[in-house]
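Below is one structure, written out as structure tokens; comments come after it.
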Amino acid sequence: MYVGIDVGTSVVKAAAFDSGGRQLAVESRPVELSLRDGFVEQDMDEVYGGVVDVLGRLTGRVPEPVELAGLTGQGDGVWLVDGEGRPVRSALSWMDGRAHELLDQWLADGTFETVFRRTGGAMFPGSPGPLLAWLDRYDPKSLDAAAAAVYCKDMVFQRLTGAARATTDVSDASMPFLDPRTRSYDNRVVELLGLTRRRRLLPPIGDPIATGEARGEGLPSGTRLSNGPYDLPACALGAGVTSPGDGLLIVGTCLAALVATTELDLGSEPAGLYISTDRPGHRLRAMPAMVGTAALDWVLSTTGVTHAEVNDLLASTPPGAHGVRVLPYFAPSGERAPFVEPHLRAELGGVSLETTRADLVRATCEGIGYAARHCLEAAGLTGSLAVCGGGTRSPAWMQLLADVLGRPLRVVEGEVGARGAVLAAAERYGVSLDARVWTEPTMIVEPDPGRSAYYAKGFQEHLVRLDVARGTAGRQLRFRGGWSRSSPRP
């Protein structure tokens with residue numbers, strides 16, 4: 001069997017596949033996020049323990065030899081490790097907002113745009129550049145003690161294999177230090193962010209992705225394992241999105257829009273990023289919005305609605321949700337695609353005493369759909385569109401998305417990121433797998449012409465409301481509750 005490991009933000013998963021791509025079994029385990037006042041952290045030992053646990057249960061449940069394993073996981077953030085891959089401090093998540101004032105400064109003085117012109121990556125508070133600069137200012141002892149500042153999957157790979165040194169891959173390195181033309185670190189960017197003396201912390205880039213053998217924790221000793229790509233490009237591989245112009249929408253915790261491309265436009269409006277892939281010259285133009293299913297989860301928990309009720313609620317209220325409108329920007333660090341605004345927050349409009357829970361749920365799903373359309377258009381979608389992620393489990397939401405986006409959806413279910421990790425590992429090891437068969441869609445969802453026409457107008461109205469909200473966010477005070485979130489936590 002072939003094993004894919006996906007170390008997600010809130011859930012760690014491991015999936016087993018046969019040689020034809022059929023998913024044999026999945027094991028998962030939730031992991032905690034610590035959220036407080038814009039600080040979002042994770043316990044690395046808990047995350048690694050979750051990986052070992054799900055792998056042990058998976059290999060015990062499917063007692064077949066493991067031909068090879070591929071590893072993927074959440075991107076961005078900062079995971080400071082010692083020489084053995086063990087934590088120096090808690091990991092700073094990609095959702096973290098503590099560095100927003102540093103980003104404000106870089107937006108104002110031109111550093112933000114200069115970095116984008118060199119790398120094609122629009123920094124956001126939870127990306128490694130701002131977080132490392134924050135740590136250098138407020139927690140330098142952690143950086144002094146660290147051997148490397150890596151990404152989630154890199155920590156897991158080093159500990160599973162016992163590698164002598166941490167490594168990453170070109171996909172994770174793409175934000176914000178990688179020159180996409182040379183596929184190596186741009187030392188001028190390191191200098192611009194004030195991190196020259198911390199340059200040693202950037203891990204070597206495995207190009208192609210690094211490989212190693214498992215040392216017996218979770219996977220049988222000697223199992224061949226590859227490190228990467230991270231979850232966004234892994235999902236693109238797992239959904240068969242490799243031809244220029246084709247796109248993928250990941251409806252997960254993060255709402256990510258990806259479009260395959262061979263072009264590199266560093267002169268465009270700074271937003272999103274270009275993710276380098278294992279194929280030189282081939283990239284993904286990525287617009288990863290901060291909040292996807294997390295926005296709906298917040299509304300469901302606040303209103304006391306369960307996920308099982310979503311389909312019926314969407315069917316019980318019409319398009320437009322009786323005038324209720326939601327700008328779904330719920331992340332504590334604001335938004336990062338298809339624009340960067342650290343102070344942007346969610347807004348609910350048109351709510352009255354007559355508003356129902358169904359109206360709130362539909363309006364939230366519509367708002368997420370509008371955000372997805374905004375991202376896909378900015379990323380340059382011209383071909384087919386695949387969709388994956390937890391949101392695909394709701395048929396009513398998939399139909400709503402097809403209507404809002406105005407195009408057919410190739411729905412790919414199952415553990416798409418883990419599937420992509422296996423395909424990447426097979427390519428790296430020279431194992432022949434039929435990628436076309438492995439990435440066939442589960443279903444095609446066609447849009448309704450009438451509803452699509454309605455939502456086309458709704459999308460334009462969404463953009464108008466968003467412009468107003470962005471203007472308001474830009475004028476907000478940068479201090480809340482008497483202290484700055486860019487200062488050490490009281």
Side-chain angles (χ1 to χ4, degrees), residues 75-78 94 99-137 148-151 167-207 228-230 232-233 256-288 333 335-342 375 378-380:
D76 296 304
V78 168
W94 61 271
H100 76 92
E101 286 191 4
L102 284 172
L103 193 64
D104 287 346
Q105 176 185 327
W106 293 337
L107 282 162
D109 67 18
T111 299
F112 173 87
E113 182 171 350
T114 300
V115 170
F116 180 84
R117 301 295 173 219
R118 298 182 72 93
T119 68
M123 293 182 292
F124 64 99
S127 58
L131 288 177
L132 283 170
W134 189 95
L135 288 166
D136 189 51
R137 181 175 299 185
V150 299
Y151 303 85
T167 59
T168 192
D169 75 301
V170 290
S171 71
D172 250 335
S174 294
M175 172 68 87
F177 301 111
L178 188 77
D179 183 331
R181 294 154 296 197
T182 65
R183 297 165 70 88
S184 60
Y185 291 125
D186 185 332
N187 288 324
R188 175 57 179 156
V189 171
V190 177
E191 180 184 1
L192 285 167
L193 303 189
L195 293 168
T196 299
R197 73 190 186 101
R198 303 298 186 180
R199 172 64 175 79
R200 69 172 183 84
L201 293 175
L202 300 185
I205 300 170
D207 189 13
Y230 82 95
L232 300 188
L258 311 170
V259 176
T261 183
T262 55
E263 299 178 358
L264 180 64
D265 181 7
L266 300 181
S268 61
E269 178 181 356
L273 73 154
Y274 283 93
I275 301 175
S276 294
T277 72
D278 264 4
R279 294 189 296 164
H282 288 256
R283 305 174 182 88
L284 293 167
R285 185 69 172 109
M287 294 291 173
S333 54
E335 189 49 272
R336 61 175 174 171
F339 54 86
V340 174
E341 178 45 73
C375 288

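Just so you know, these numbers use all the heavy atoms, side chains as well, and skip hydrogens, waters and symmetry mates. On a predicted model such as this, the values are computed, not experimentally measured, just so you know.
- Residues Phe124 and Leu273 fail the side-chain proximity criterion, which asks for heavy atoms closer than 4.5 Å.
- For the pair Gly75 and Trp94, the tightest heavy-atom approach, listed with the atom from each and the gap, is O-CB, 3.5 Å.
- Side-chain atoms of Thr119 come within 3.5 Å of backbone atoms of Val115 as a donor-acceptor pair (strictly under, hydrogens ignored).
- The structure places CZ of Phe112 at 11.0 Å from CG of Asp104, a figure rounded to the nearest 0.5 Å.
- Distance CG/Leu103 to CG/Leu131: 10.5 Å, rounded to 0.5 Å.
- For the residue pair Pro270 and Glu113, the shortest heavy atom distance occurs at CG-CG, 4.1 Å.
- Side chain of Arg183 to backbone of Thr277: a donor-acceptor contact under 3.5 angstrom is found.
- The distance from the CG atom of Leu193 to the OG1 atom of Thr111 is 7.5 Å, given to the nearest 0.5 Å.
- Here CG of Asp172 is found 9.5 Å from CG of Leu232. Values are rounded to the nearest 0.5 Å.
- Across all their heavy atoms, Glu263 and Arg283 have their closest contact at O-NH1, 3.9 Å.
- A side-chain donor-acceptor contact under 3.5 Å links Ser174 to the backbone of Ser276.
- Residues Tyr151 and Pro128 form a side-chain contact, since some pair of their non-hydrogen atoms from C-beta on lies under 4.5 Å apart.
- Side-chain contact between Leu284 and Tyr274: absent, with no pair of heavy atoms (C-beta onward) separated by less than 4.5 Å.
- Every residue two or more places apart in sequence or in another chain was checked for a side-chain hydrogen bond (donor to acceptor under 3.5 Å, both in side chains) with Arg200, and none qualifies.
- Contact record, Ile205 with Ala173: CD1-CB, 3.9 Å, taken as the closest heavy-atom pair.
- With sequence neighbours excluded, no residue satisfies salt bridge (charged side-chain N to carboxylate O under 4.0 Å, His left out) with Asp265.
- Put simply, the side chain of Arg336 gets close to the backbone of Pro288: a donor and an acceptor are under 3.5 Å apart.
- In this view, Arg181 and Asp179 satisfy the salt bridge (charged side-chain N to carboxylate O under 4.0 Å, His left out) rule, not counting sequence neighbours.
- A distance of 7.5 Å separates CE in Met175 from OH in Tyr230, rounded to the nearest 0.5 Å.
- Checked against side-chain hydrogen bond (donor to acceptor under 3.5 Å, both in side chains), Glu191 has the following partners two or more places apart in sequence or in another chain: Arg188.
- Between Thr182 and Ser184 the shortest heavy-atom distance is OG1-OG, 2.9 Å.
- Between Phe116 and Pro176 there is no side-chain heavy-atom pair separated by less than 4.5 Å.
- Looking at Pro130 and Pro125, their side chains never come closer than 4.5 Å, going by heavy atoms from C-beta outward.
- The side chain to side chain contact (heavy atoms under 4.5 Å, CB included) test with Leu202 singles out one residue from Val190, Thr168, Leu195, Leu178, and that residue is Val190.
- Every side chain to side chain contact (heavy atoms under 4.5 Å, CB included) that Val259 has, sequence neighbours left out, goes to Ala379, Leu381.
- A side-chain donor-acceptor contact under 3.5 Å links Tyr185 to the backbone of Pro203.
- Atom CE of Met123 sits about 9.5 Å away from atom CG of Leu102, to the nearest 0.5 Å.
- The two residues Ala149 and Val78 make their nearest non-hydrogen contact at CB-CG1, 4.3 Å.
- Taking Arg198 as the reference, Asp136, Asp144 meet the side-chain hydrogen bond (donor to acceptor under 3.5 Å, both in side chains) condition, with sequence neighbours excluded.
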